[in-house]
Amino acid sequence: WCHPVKSKFLTFPGDLIKNMTDKQLAEDYLKRFGYMQVLDKSGLQATVSTSKALKRLQNQLGLEETGKLDQPTIDAMKKPRCGVPDVRN
Amino acid sequence: YQTFDGDLKWDHNDVTYRILNYSPDLDASITDDAFARAFQVWSDVTPLSFTRLYEGTADIMISFGKKNHGDPYPFDGKDGLLAHAYPPGEGMQGDAHFDDDEYWTLGTGPVIKTYYGNAEGAMCKFPFRFEGKSYSTCTTEGREDGLPWCATTADFGKDGKYGFCPSELLFTYDGNSDGQPCVFPFVFDGQTYSSCTTEGRNDGYRWCATTANFDKDKKYGFCPNRDTAVIGGNSEGEPCQFPFTFLGKTYTSCTSEGRSDGKLWCATTSSYDKDNKWGFCADKGYSLFLVAAHEFGHALGLDHSNIQDALMYPMYKYVADFSLNEDDIEGIQYLYGPNRGPKPTPPKPSTTTSSPVSTAKPTKPTPSTTPSVYTPVEPSVDPCQVDKFDVITEIQGELHFFKDGYYWKSSSNKERKGPFMVSERWPTLPVKLDTAFEDPVTKKIYFFADTQFWVFTGQDVLGPRRIEKLGLPGTLKKVEGALQRGNSKVLLFSGEEYWRLDLKTQQMDKGYPRHIDMTFGGVPMDAHDVFLYKGHFYFCRNIYYWRMTSRRQVDRVGYVYELLNCP
């Protein structure tokens, strides 16, 4: 058996490589779809912790609410979707 | 389900929509139909109705765009965000935008509708065999004119059925050239172009001139994507170039070499190594129907749901035989209430509950045969009270009266029968029809609605196709009447004019349109139904009809309900 050819990975010009880290992807996603901002009692916008925001996202997407950036949550964030925010402020 | 703050909703049930532009991925008639079916998802379960406008401002303005497309929420290239829509209200509220960096299909791969040829607009059949070779894309093999074509059955040698594939050499769309094909080479801004270009535009759409000199004539159109067009990359819409070389190797089909995400791509010139021009190959794509049904949910007032099987769940998931989830129905009916009219979809045969109270005795005909008897459903509308039928026409010797998805049958001195469900006998037809007629020789039945038409042979249907296919002008909004003339001609009426269609050639005869009052003096110019019955011409306006003899004399003016043998 010949040694498998090592595939050479290139960067293609114009490729929208979303070379964000999973953490950056999560922060961008939570912000874009309304999970980071909440209205507090007095109606003011407040920013919640990432863990709390993750729990809200996991609840909305019917995932286990771990509050952690686990693989099922990362996979869900990479799925094609509608651009309308999930949480309206 | 969720609604928007304050339960934003339309304050009227007759909602209007307008399609502002098209995607190069799909034939316009397929886009039209996908949107119409997406609206029907919601009108089936509410009192809402959806009317398409062709100019002016509609409640729901639908458009395709890429990246920055005119609102504060840019799209993000292929995948990721697919579309978005705004809750009901004025201005941009209620509008729906679709990301045209996506590959729009019906969810299961390329939807290649053919033109001309002898397959009457049927879809390409991939793979197909031609002269001993198998083809999974359109080909120019066997032709000198470079026009890509495909077979519409698996074996061209056996069936000989073919049509031409979408290409800029065949037609363009939108623009100001009424669909004329590109002219190559053409001059633009002093430069010469021998293919479509995105130069001069900042929205990334490919266009071409439809004369040799754009600078002089300013005539242009947008280029439809060929079936081998790439998606995204740096050559969106350009066709793959096979063979091409990459890292010194030659490729004759798409490859995932060089990529860590396994996506298939190809070069759009013969050498990637030299030109670095590339794009992703066609995949299953995203169902425009499913994404539109979701977005129209937003445009009607529904926010996202956290039920994974609900249409309003934020993530895209392809579903073959789609039906609304209870959660979606509860949400939309919370806003607009249930559909007060009769159930629009005939009950499924497997779940027939033959309880004594069931108002409809649902016996779905076996699809393979054209049943002779259809089961009347609970009459919700008294035909004798209808002041304007959608369609009146003679089929198999009986007058048929169509209204809002139902029809009644009547012939002189016989008991009126119905109502029957149009969808039971002629599935896929829209609820709102404009006219219909039966070909006296072939017994095929033609239905017209807006700018589309369907041809039924029993329950086999061809269509929808655009009425332009028959040679009617692209500006025509609808066909309102039909009069068979002899065995192979039919007059088609719209507004104050009429055309003559040759049923054999499926093309309009020369010398038309003509003015109705030049030929049919004495009948209303704004008849909304025109039909032939027992040798007389009938022109209807509201509850009245004018009857004309074949010698073109009006010999009777009466009430339409007389034709229905109403008391």
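Nothing here was measured: the structure is a model prediction, and the numbers come from that model. Naming convention: chains lettered A, B, ... in sequence-line order (proteins, then strands); numbering from 1 in each chain. No hydrogens, no waters, no symmetry mates; every other heavy atom, side chains included, goes into these values.
For chain B, the option among A/Gly62, A/Gly83, A/Pro13 with the highest count of heavy-atom pairs below 4.5 Å is A/Pro13. Top candidate by heavy-atom pairs under 4.5 Å with chain A, chosen from B/Asp99, B/Leu82, B/Asn234, is B/Leu82. Ranked by heavy-atom pairs under 4.5 Å with chain A, the first of B/Phe280, B/Tyr272, B/Phe75 is B/Tyr272.
Each of B/His298, B/His97, B/His294 was compared with B/His84 under the ring pair (Phe, Tyr, Trp, His ring centres under 6.0 Å) criterion, and only B/His97 meets it. Of the residues listed (B/Asp283, B/Asp100, B/Asp101), the one engaging B/Lys78 in a salt bridge (Lys or Arg N to Asp or Glu O under 4.0 Å) is B/Asp283, and it is the only one.
In terms of the side chain to side chain donor-acceptor pair (under 3.5 Å) criterion, B/Thr31 has no residue partners (sequence neighbours excluded). Shown here are the side chain to side chain donor-acceptor pair (under 3.5 Å) partners of B/Thr268, two or more places apart in sequence or in another chain: B/Ser235. Not counting sequence neighbours, the partners of B/Tyr86 by the side chain to side chain donor-acceptor pair (under 3.5 Å) test are B/Asp71.
Using a 4.5 Å cut-off on side-chain heavy atoms (C-beta onward), B/Phe244 and B/Thr269 make no contact.
Among the residues in residues 309-316 of chain B, those with a non-hydrogen atom closer than 4.5 angstrom to a non-hydrogen atom of chain A are B/Tyr313, B/Pro314, B/Met315, B/Tyr316.
At a 4.5 Å heavy-atom cutoff, the contact between B/Asn276 and chain A is made by backbone and side-chain atoms alike.
Salt-bridge formation is not detected for the pair B/Lys67/B/Asp76: no Lys NZ or Arg NE/NH1/NH2 atom is positioned less than 4.0 Å from an Asp or Glu carboxylate oxygen.
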